[in-house]
Amino acid sequence: IFNVGKKTDDYQAIGRGKLNIENLPGFFDDIGAFGSPTSDSVRTMITNKTQKILLIVMDFGNDKNFNEKKEIYKTRHYRITKNIVIQYLK
């Protein structure tokens, strides 16, 4: 879920320590906040044990080449080659 953080919403950000996202846009799952447009969390970072990836690419309508870049995001940058499921939300 993409929502606005509350006073109690925080997480351990990669390389930044505890990050409070009160009044900021953030990504949430059943456990709590796990990222924002500016910082990912330690809990959901990619490691050598990672088996599944949720890649969130935000487009605010300013990138005229966004549709062309979708294939590049999943193959060249992340070397994803199998079991790819893509959903585009507007």
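Values reported hereafter were calculated over all heavy atoms of this structure, with side chains retained and with hydrogens, waters and symmetry mates removed.
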Rounded at 0.5 Å granularity, tell me how far CG in D10 sits from CG in L19.
8.0 Å
Mind checking whether K18 and Q12 have side chains closer than 4.5 Å, heavy atoms only?
yes
What closest approach, in Å, do V42 and I14 show between heavy atoms, and which atom pair accounts for it?
N-CG1, 3.9 Å
Name every donor-acceptor pair, under 3.5 Å, that has one atom in a side chain of residues 24-37 and the other anywhere in the protein, sequence neighbours excluded.
unit_1 : atom_1 : unit_2 : atom_2 : d
D29    : OD1    : I31    : N      : 2.9
D29    : OD1    : G32    : N      : 3.1
D29    : OD1    : R43    : NH2    : 3.1
D29    : OD2    : R43    : NH1    : 3.1
D29    : OD2    : R43    : NH2    : 3.4
S36    : OG     : Y11    : OH     : 3.4
S36    : OG     : T38    : N      : 3.3
S36    : OG     : T38    : OG1    : 3.3
S36    : OG     : S39    : N      : 3.2

Nearest 0.5 Å, please: how far is NZ in K7 from CG in N23?
10.5 Å
